[in-house]
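The block underneath contains the structure these notes are about, expressed in structure tokens.
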Amino acid sequence: MKNKTFIGFNKPFLAGNELTYIQQAVSEKHISGNGKFTKLCQSFFEKRYGFKKCLLTTSCTDALEMAALLINIQQGDEVIIPSFTFVSTANAFVLRGAKIVFADSQSNNPNISAETIAPLINARTKAIVVVHYAGVACDMDPVMDLANQHKLWVIEDAAQAIDSYYKSRPLGSIGHLAAFSFHETKNIISGEGGMLVINDDRFFDRSEILWEKGTNRSAFFKGEVDKYGWVDVGSSFLPSEIIAAFLYAQLECLESIQAKRKAKWKQYFEKLTPLQEGANVKLPHTPTYASGNAHIFYLVCDSETQRDALIAFLKDLGIHAVFHYQVLHQAEFLGATQNNISLPHAEAFSKKLLRLPLYIELDPTEITFIVNSIRQFFTS
Ligand SMILES: *Cc1c(COP(=O)(O)O)cnc(C)c1O
């Protein structure tokens, strides 16, 4: 019997030095947070992307929770976010008592835009959280203009967007604050992990306090105060050195990780482009202002029925393709009062979008097999 093909959706990539650096952290006996590897990672990001200040966190979810604390969200404040996103984009602000207001995606791209955000702004609006879906930039200039005009904070949920650019500016450097994820499904990983980027210097001091459980411990270690104590709210947001050591090994290989992912993304894109002519299926749209990081390769089918049939067809051939977010505005958690709005573009992406396997170990012959299988689905 022939071995059945199995191509999984994701395989976490190991750069090579992860265990060496973990071993180093362990033998140097600094394994709690904010040690050598944490500082190495933070300064790597600050130098490479010009982020003003970086703090590693235990997840992107935690970084978003820190952002909600920093901008001082109060009960009843409104926060505008996309409906087509992960729950953490909403939950971080819900935890502080915010009302979430959902913006629609664009027709050709899952991201929200100044046009879909503007009608939702009122006197209670406090912040806009944009998500750069699949690592493709939102159109940030009009969003920042809108925010400045209404004195709103802008937070970039850049969970998927490491090493992506908007008009040559790195994503995560544009909003007042930004949150990244190093979850094992992202491009650069540490198992669980994340980072808060602070671009507005008004938040510098307080961000360290929230990060260190509401104490001024960081200022104490820098010799700025002679003892440290409880000065604010806070939580345990910082990861251990073991996580930071793992992450640092990944950062050393960032260039090659990105180059390899981009080559695979490009192979899909070139080989699937002819399909757009005959079949009713769309490839990802990258606006001219955006330069992506090959985080996700997706297709947008003609209908939910077609999408689900394609997933089943590929599954039979041993290929694991998956859909993505359920729109948040229809979540059971919110209840009927918020469920009955209509966001047609977000709903369409939820029903029609399908993600293909994309990871470093996926080899070109496997991509060819996946592409041919998709062609076969649309021509049979
Ligand atoms: C992955 C992801 C998150 C959550 O990241 P964690 O590090 O797992 O907390 C949040 N938002 C978006 C858009 C994501 O893709």
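The basis for the numbers below is simple: all heavy atoms, side chains too, and nothing from hydrogens, waters or symmetry mates. Because the structure is a prediction, the values reported are computed rather than measured. As the structure lists them, so they are numbered: ligands from 1, and atoms in each ligand from 1. The residues of the chain are indexed from 1 along the displayed sequence.
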- Mind checking whether Phe84 and Tyr325 have parallel, tilted or perpendicular rings, split at 30° and 60°? perpendicular
- Message: Closer than 4.0 angstrom, basic N to acidic O: yes or no for Glu208 and Lys53?
- Response: yes
- Just jot down the side-chain hydrogen bond (donor to acceptor under 3.5 Å, both in side chains) partners of Tyr133, sequence neighbours excluded, or say none. His324
- Task: Could you tell me which residues satisfy side-chain hydrogen bond (donor to acceptor under 3.5 Å, both in side chains) with Ser181, sequence neighbours excluded, listed by chain and number?
- Result: none
- Hydrophobic side-chain clustering at under 4.5 Å (ILVMFWY, transitive links): who's grouped with Ile174? Put none if nobody. Ile80, Val101, Ile112, Ile117, Leu120, Ile121, Ile128, Val130, Met140, Val143, Met144, Leu146, Leu152, Val154, Tyr166, Leu171, Tyr289
- Message: Could you tell me if the side chain of Arg96 sits less than 4.5 Å from the side chain of Leu69, heavy atoms only?
- Response: yes
Could you list each nitrogen or oxygen of ligand 1 that sits under 3.5 Å from a protein nitrogen or oxygen, with the atom names and the distance?
from     : atom 1 : to     : atom 2 : distance (Å)
ligand 1 : 5 (O)  : Ser181 : OG     : 3.3
ligand 1 : 7 (O)  : Cys60  : N      : 2.9
ligand 1 : 7 (O)  : Ser181 : OG     : 2.7
ligand 1 : 9 (O)  : Cys60  : N      : 3.3
ligand 1 : 9 (O)  : Thr61  : N      : 2.9
ligand 1 : 9 (O)  : Thr61  : OG1    : 2.5
ligand 1 : 11 (N) : Asp157 : OD1    : 3.3
ligand 1 : 11 (N) : Asp157 : OD2    : 2.8
ligand 1 : 15 (O) : Gln160 : NE2    : 2.8
ligand 1 : 15 (O) : Lys186 : NZ     : 3.1
ligand 1 : 15 (O) : Tyr325 : OH     : 3.4

